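Notes follow the structure.
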Amino acid sequence: AQTVTQSQPEMSVQEAETVTLSCTYDTSESDYYLFWYKQPPSRQMILVIRQEAYKQQNATENRFSVNFQKAAKSFSLKISDSQLGDAAMYFCAYKGAQKLVFGQGTRLTINP
Amino acid sequence: GAVVSQHPSRVICKSGTSVKIECRSLDFQATTMFWYRQFPKQSLMLMATSNEGSKATYEQGVEKDKFLINHASLTLSTLTVTSAHPEDSSFYICSAGRQGQTQYFGPGTRLLVL
């Protein structure tokens with residue numbers, strides 16, 4: 001079965017700085033998708049960014065970018081110019097042929 | 001696009017009663033919807049996959065007779081918690097699939113059973 005591991009339960013960053021959240025996964029599938037979701041205090045799950053495994057180019061969405069290392073099964077999220085509104089739980093997720101699998105989450109705090 | 005709504009956002013009920021939660025995809029059709037449960041400070045746990053026009057697929061350990069799922073149309077799935085008990089109190093979230101593998105989530109329903 002596929003597993004997703006987020007080794008950082010909590011992270012903090014100074015406003016306007018850059019922070020990287022780690023995610024690793026385990027799979028034997030060759031075709032899959034990876035996602036980062038954000039869950040603010042409202043608890044609404046918000047899609048931040050997605051990456052297709054067959055694409056070598058790292059996905060980017062404005063201040064959010066990923067470092068996708070397929071051979072290492074690593075999928076980290078970089079947030080540039082951190083803003084107070086970025087404070088949330090961040091979940092890494094994997095989707096192959098079966099169900100969407102989530103990591104344990106990383107709580108990100110932004111220090112003003 | 002890709003908006004998913006959930007109703008109600010919060011519900012309090014007495015032990016032994018049933019509660020229905022609706023999940024709607026507002027601007028797209030979803031042949032498959034998903035129901036999750038989330039305990040405080042934990043990740044999302046998939047309860048079941050709701051398929052339009054057929055029976056839901058439940059994850060191991062989830063009682064199908066307690067958590068009834070109906071996928072009435074391509075835009076609506078409902079979760080009914082039957083004979084609710086305090087241990088059923090939780091945060092329930094639905095999602096709908098679009099663009100292949102991407103899931104979009106509803107805002108969640110906080111259930112409190114007294």
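Please read all numbers here as calculations on a predicted model, not as lab measurements. Basis for what follows: all heavy atoms, side chains included, without hydrogens, waters or symmetry-related copies. Each chain gets a letter, A, B and so on, in the order its sequence line appears, and its residues count up from 1.
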At a heavy-atom distance under 4.5 Å, which candidate from Glu59(B), Gln42(B), Gln38(B) has the highest pair count against chain A?
Gln38(B)
Note: Glu22(B)-Lys20(B) ion pair, threshold 4.0 Å (strictly below)
no
Identify which part of Gln6(A) has an atom lying under 4.5 Å from any heavy atom of chain B, answering side chain, backbone, both or neither.
neither
Any non-hydrogen side-chain atom of Ser7(A) less than 4.5 Å from a side-chain atom of Thr24(A)?
no
Which bit of Tyr32(A) comes within less than 4.5 Å of chain B, counting heavy atoms only: side chain, backbone, both or neither?
neither
Parallel, tilted or perpendicular: which fits the ring planes of Phe105(B) and Tyr36(B), with parallel below 30° and perpendicular above 60°?
tilted
Which atoms of Leu46(B) approach chain A - backbone, side chain, both or neither, heavy atom under 4.5 Å:
side chain
Supply the atom-to-atom distance Lys95(A) NZ to Thr27(A) OG1, rounded to the nearest 0.5 angstrom.
11.0 Å
Answer yes or no: is there a side-chain heavy-atom contact under 4.5 Å between Thr102(B) and Tyr104(B)?
yes
Is chain A contacted by the side chain of Phe34(B), its backbone, both, or neither, given a heavy-atom distance below 4.5 Å?
neither
